[in-house]
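So the structure is just underneath, and the comments pick up after that.
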Amino acid sequence: MTQIDKSLIDALRNAESIVFFTGAGISSESGIATFRGKEGLWNKFKPEELANFDAFIRNPELVWEWYNYRRKIVHEAQPNAAHLTIAEMQNHFKEVTVVTQNVDNLHRRAGSKKIFELHGNIEKNFCINCKKFHNKELDFSNGVPECDCGGLIRPGVVWFGEYLPEDQFRGGELAAMKADVFFVVGTSAVVYPAAGLVYTARASGATIVEINIEETEISSSVNYSYFGKAGEILPRIFEEYKLRADS
Ligand code: OAD
């Protein structure tokens with residue numbers, strides 16, 4: 001069984017601001033596929049046909065088919081022990097912030113309150129022309145839904161080659177700068193600018209803790225690495241913390 005370092009628990013006991021920077025791996029125990037690796041989505045599907053603006057203009061039906069398929073999976077999924085532990089930690093620390101690359105809404109459904117969604121949210125949609133949000137259930141009975149202005153409605157997620165939502169990225173950056181302990185959970189940390197937040201946090205003096213089932217690009221740059229499932233390691237860290245906090 002993975003041993004949790006005492007010095008990490010000490011760092012947590014002194015921490016006011018804790019940040020969880022999360023990726024697809026945190027939701028894999030909820031049954032949502034990750035992007036990279038053998039079973040990853042980008043191993044089976046081509047991002048250039050599904051996750052970029054030109055692809056949407058070329059074939060909006062196909063892109064919507066893919067997002068409606070993923071939306072169904074996300075709706076049927078439930079937050080797992082990792083999402084729930086992060087939400088519970090809000091009752092024990094002054095400030096708990098989630099900065100996620102995930103679009104699956106599971107942190108919110110688990111009860112996390114302060115969340116920055118760097119890559120958008122699969123529950124949202126907006127018009128490609130006027131950018132108005134259309135967040136009610138869309139009607140596909142007459143093909144790809146359109147806005148009142150005539151523009152096509154697209155999923156509210158960030159595609160390859162697009163800028164991140166400025167307010168969300170800025171919020172994530174400020175949280176990284178303020179973090180005392182910065183957890184990096186279930187991400188390959190290869191997609192920028194999101195992955196750069198790990199270095200922002202490190203440069204600002206945060207203790208960096210990685211939780212992943214395997215080594216990643218950032219493993220050599222962190223203070224603590226725990227290799228295992230997020231849904232097992234995070235509850236263990238929190239249990240240790242609570243035990244010591246009471247002692
Ligand atoms: P990836 O699929 O690149 O990486 C998932 C990571 O989770 C890998 O490092 C796995 O080892 C790890 N992992 C899998 N199961 C785990 C578990 N149970 N516990 C802990 N770790 C686990 O996903 P992201 O890093 O999120 O962007 O990918 C970043 C971005 O690339 C995504 O947001 C998406 C994608 O293209 C856009 O769509 C814009």
Side-chain angles (χ1 to χ4, degrees), residues 2 20-56 63 66-67 69-71 73-74 77-86 98-107 110 115-124 154-166 168-169 172 183-199 208-222 224-238:
T2 316
F20 291 90
F21 174 58
T22 65
I26 196 170
S27 297
S28 72
E29 289 161 76
S30 296
I32 300 175
T34 60
F35 293 97
R36 296 174 184 78
K38 206 156 61 91
E39 297 299 319
L41 290 172
W42 295 153
N43 222 6
K44 299 182 190 147
F45 301 96
K46 294 195 174 105
E48 60 277 17
E49 285 173 8
L50 300 168
N52 74 65
F53 188 73
D54 290 345
F56 182 69
V63 172
W66 154 255
Y67 279 96
Y69 157 75
R70 285 187 55 205
R71 199 171 267 186
I73 292 172
V74 160
Q78 296 300 326
N80 64 51
H83 301 104
L84 295 169
T85 299
I86 294 172
V98 174
V99 183
T100 188
Q101 298 164 91
N102 298 345
V103 298
D104 60 27
N105 225 18
L106 288 183
H107 284 295
I115 306 172
F116 295 102
E117 293 171 318
L118 302 180
H119 292 164
N121 185 315
I122 202 164
E123 306 286 347
K124 295 185 179 166
R154 61 166 277 180
V157 300
V158 174
W159 285 328
F160 285 97
E162 293 185 321
Y163 289 111
L164 306 194
E166 209 178 308
Q168 301 298 298
F169 187 67
F183 288 89
V184 186
V185 189
T187 175
S188 55
V190 291
V191 174
Y192 283 79
L197 293 180
V198 178
Y199 300 98
I208 313 285
V209 186
E210 181 179 45
I211 301 172
N212 201 301
I213 51 171
E214 60 189 27
E215 255 187 54
T216 69
E217 298 284 314
I218 58 143
S219 299
S220 58
S221 311
V222 305
Y224 300 94
S225 277
Y226 296 106
F227 295 112
K229 291 182 177 173
E232 290 168 12
I233 305 268
L234 264 174
R236 285 215 46 223
I237 293 176
F238 189 39

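Numbers for residues simply follow the sequence, beginning at 1. When a ligand or atom number is given, it counts from 1 through the structure's own listing order.
Of the possible polar contacts, one joining the E29 side chain to the G231 backbone as a donor-acceptor pair under 3.5 Å is found. No donor-acceptor pair under 3.5 Å is formed between the side chain of E210 and the backbone N or O of V184.
Ion pairing between a basic and an acidic side chain is recognised when a charged N comes within 4.0 Å of a carboxylate O; R154 and E162 show such pairing.
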List, for ligand 1, each N/O atom that has a protein N/O partner under 3.5 Å away, with both atom names and the distance.
| unit_1 | atom_1 | unit_2 | atom_2 | d |
| --- | --- | --- | --- | --- |
| ligand 1 | 2 (O) | F35 | N | 2.7 |
| ligand 1 | 2 (O) | R36 | N | 2.8 |
| ligand 1 | 3 (O) | R36 | NH1 | 2.7 |
| ligand 1 | 3 (O) | S188 | OG | 2.5 |
| ligand 1 | 4 (O) | S188 | N | 3.4 |
| ligand 1 | 7 (O) | G186 | O | 3.2 |
| ligand 1 | 9 (O) | N212 | OD1 | 3.4 |
| ligand 1 | 9 (O) | N212 | ND2 | 3.0 |
| ligand 1 | 11 (O) | N212 | OD1 | 2.6 |
| ligand 1 | 15 (N) | S28 | OG | 3.0 |
| ligand 1 | 18 (N) | S28 | OG | 3.3 |
| ligand 1 | 18 (N) | E29 | OE2 | 2.9 |
| ligand 1 | 19 (N) | A230 | N | 2.9 |
| ligand 1 | 25 (O) | T187 | OG1 | 2.6 |
| ligand 1 | 25 (O) | S188 | N | 2.9 |
| ligand 1 | 25 (O) | S188 | OG | 3.3 |
| ligand 1 | 26 (O) | A24 | N | 2.8 |
| ligand 1 | 27 (O) | H119 | ND1 | 3.4 |
| ligand 1 | 28 (O) | R36 | NH1 | 3.1 |
| ligand 1 | 31 (O) | R36 | NH1 | 3.0 |
| ligand 1 | 31 (O) | R36 | NH2 | 3.2 |
| ligand 1 | 33 (O) | Q101 | O | 3.2 |
| ligand 1 | 33 (O) | H119 | ND1 | 2.8 |
| ligand 1 | 36 (O) | W42 | NE1 | 2.9 |

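Aromatic ring pairs are classed by plane angle as parallel below 30°, tilted from 30° to 60° and perpendicular above 60°; the pair Y226 and Y224 is parallel. Note on ring orientation: taking the six-membered ring where Trp is involved, the planes of H83 and H107 are perpendicular (angle over 60°, cut-offs 30° and 60°).
Here the side chains of F21 and I208 are not in contact, with every heavy-atom distance at 4.5 Å or above.
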